[in-house]
Amino acid sequence: VYKRQILVMGALVFVLAGIGAHQSWRWYEAQQAERAALAFMAAHRAAEAEGADLKAMAQRFEEVSRGAPAGYRDLARLRAAALKAETGDLPEALRLYDAIAADSSADPLYRDLASLLWVIRSLDQGDLGMLAARITPLTRADSAWNASAREVAGLIALRAGRRDEARQAFQALAADVTAPRGVRAVSYTHLRAHET
């Protein structure tokens with residue numbers, strides 16, 4: 001009986017220690033998330049301020065991403081890439097988008113967004129076949145970026161000289177009541193602009 005009580009007490013101590021460790025870890029994660037949220041919002045406000053040095057802000061977002069939990073890390077990297085593209089450092093922006101898209105620890109939503117933005121930023125200089133191959137997976141019906149990806153696929157087809165394919169893509173988007181209104185309107189504009 002005494003041995004059984006020792007075993008029960010030992011098991012109870014082990015369980016309580018496990019619960020305590022788990023609660024401590026959750027507290028630590030919450031602290032990290034709060035710290036990352038504050039750093040992200042401070043960088044965001046600074047980047048939006050009039051006269052902000054956007055190149056420096058891109059660096060700041062990269063710094064925020066380094067110690068942040070996954071969600072804030074990905075958002076900060078996306079914001080850094082956008083600022084780099086905006087300030088003319090397209091190669092570095094594309095590198096960041098590529099890194100996010102290839103990061104298996106990133107949320108699939110952010111990975112797909114990074115791929116979409118990589119293609120959009122590469123439209124003027126990229127290989128059209130490669131761009132089409134990269135955007136196609138995002139045109140799936142279950143993709144969060146489906147409508148935008150279909151619009152970009154239409155633009156790629158248009159640039160490749162496949163006018164009928166582009167027209168069909170824009171017609172389908174303009175008529176798709178599930179697509180965001182802005183995407184539908186832009187698709188309608190593309191359709192009207194490129195009618196023969």
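With hydrogens and angles ignored, the 3.5 Å screen pairs no side-chain donor or acceptor of S143 with any backbone N or O of T139.
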(message) Before you tell me yes or no, could you show the steps for L131 and L123 under side-chain contact (heavy atoms from CB on, under 4.5 Å), namely the whole-Å CA-CA distance, both residues' side-chain angles and the distance that decides it to 0.1 Å?
(response) CA-CA 8 Å; L131 296 179; L123 274 174; 4.3 Å; yes

(request) For side-chain contact (heavy atoms from CB on, under 4.5 Å), just list the numbers for V119 and I156, CA-CA rounded to whole Å, side-chain angles, deciding distance to a tenth of an Å, and then say yes or no. (result) CA-CA 10 Å; V119 173; I156 292 169; 3.9 Å; yes

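Contacts of Y97 classified as ring-ring contact (aromatic ring centres under 6.0 Å, His included), with partners at least two apart in sequence or in another chain: none. Applying the salt bridge (Lys or Arg N to Asp or Glu O under 4.0 Å) rule to D112 yields no partners; only residues at least two apart in sequence or on another chain are considered. In terms of the side chain to side chain contact (heavy atoms under 4.5 Å, CB included) criterion, residue partners of A160 (sequence neighbours excluded) are, by chain and number, L128, R162. Scored by the side-chain hydrogen bond (donor to acceptor under 3.5 Å, both in side chains) test, E86 finds no partners at all (sequence neighbours excluded). Applying the salt bridge (Lys or Arg N to Asp or Glu O under 4.0 Å) rule to R73 yields the partners D103; only residues at least two apart in sequence or on another chain are considered. The salt bridge (Lys or Arg N to Asp or Glu O under 4.0 Å) search around D142 returns R140, not counting sequence neighbours. In terms of the ring-ring contact (aromatic ring centres under 6.0 Å, His included) criterion, Y110 has no residue partners (sequence neighbours excluded).
The stretch residues 114-148 participates, sequence neighbours left out, in no ring pair (Phe, Tyr, Trp, His ring centres under 6.0 Å) pair at all. Listed by first then second residue, pairs satisfying salt bridge (charged side-chain N to carboxylate O under 4.0 Å, His left out) with a partner in residues 114-136 read D98-R134, D124-R159, not counting sequence neighbours. Every pair passing side-chain hydrogen bond (donor to acceptor under 3.5 Å, both in side chains) that includes a residue from residues 44-63 is listed here, sequence neighbours excluded: E48-R79, Q59-K84, E62-K84.
Residues V183 and L158 are members of separate hydrophobic clusters, defined by side-chain heavy-atom contacts under 4.5 angstrom among Ile, Leu, Val, Met, Phe, Trp and Tyr. Note on L155 and V186: separate hydrophobic clusters, where clusters join Ile, Leu, Val, Met, Phe, Trp and Tyr whose side-chain heavy atoms are under 4.5 Å apart, directly or indirectly. Linking Ile, Leu, Val, Met, Phe, Trp and Tyr whenever their side-chain heavy atoms come within less than 4.5 Å leaves L78 and L96 in two separate clusters.
Residue S148 holds its OG atom at 6.5 Å from CD1 of I120, rounded to the nearest 0.5 Å. Atom-to-atom distance recorded for E92:CD and T87:OG1 is 10.0 Å, nearest 0.5 angstrom. Considering CZ of R35 and OH of Y72, their distance stands at 13.5 Å, rounded to 0.5 Å.
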Which atom pairs, donor and acceptor, lie under 3.5 Å between side-chain atoms of residues 168-181 and protein residues at least two apart or in another chain?
| from | atom 1 | to | atom 2 | distance (Å) |
| --- | --- | --- | --- | --- |
| D176 | OD1 | T178 | N | 2.9 |
| D176 | OD1 | T178 | OG1 | 2.5 |
| D176 | OD2 | R150 | NH1 | 2.9 |
| D176 | OD2 | T178 | OG1 | 3.3 |

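Between A114 and A101, the closest heavy-atom pair is CB-N, 3.9 Å. When every heavy atom of I135 is checked against every heavy atom of A153, the shortest pair comes out as CG2-CB, 4.0 Å. Contact between A47 and A52 at its shortest, heavy atoms only, is O-CB, 3.6 Å. For the residue pair L109 and A144, the shortest heavy atom distance occurs at CD1-CB, 3.4 Å. The two residues V64 and A43 have their closest heavy-atom pair at CG2-CB, 4.4 Å.
Under the 4.5 Å side-chain criterion, counting only non-hydrogen atoms from C-beta, M41 is not in contact with L38.
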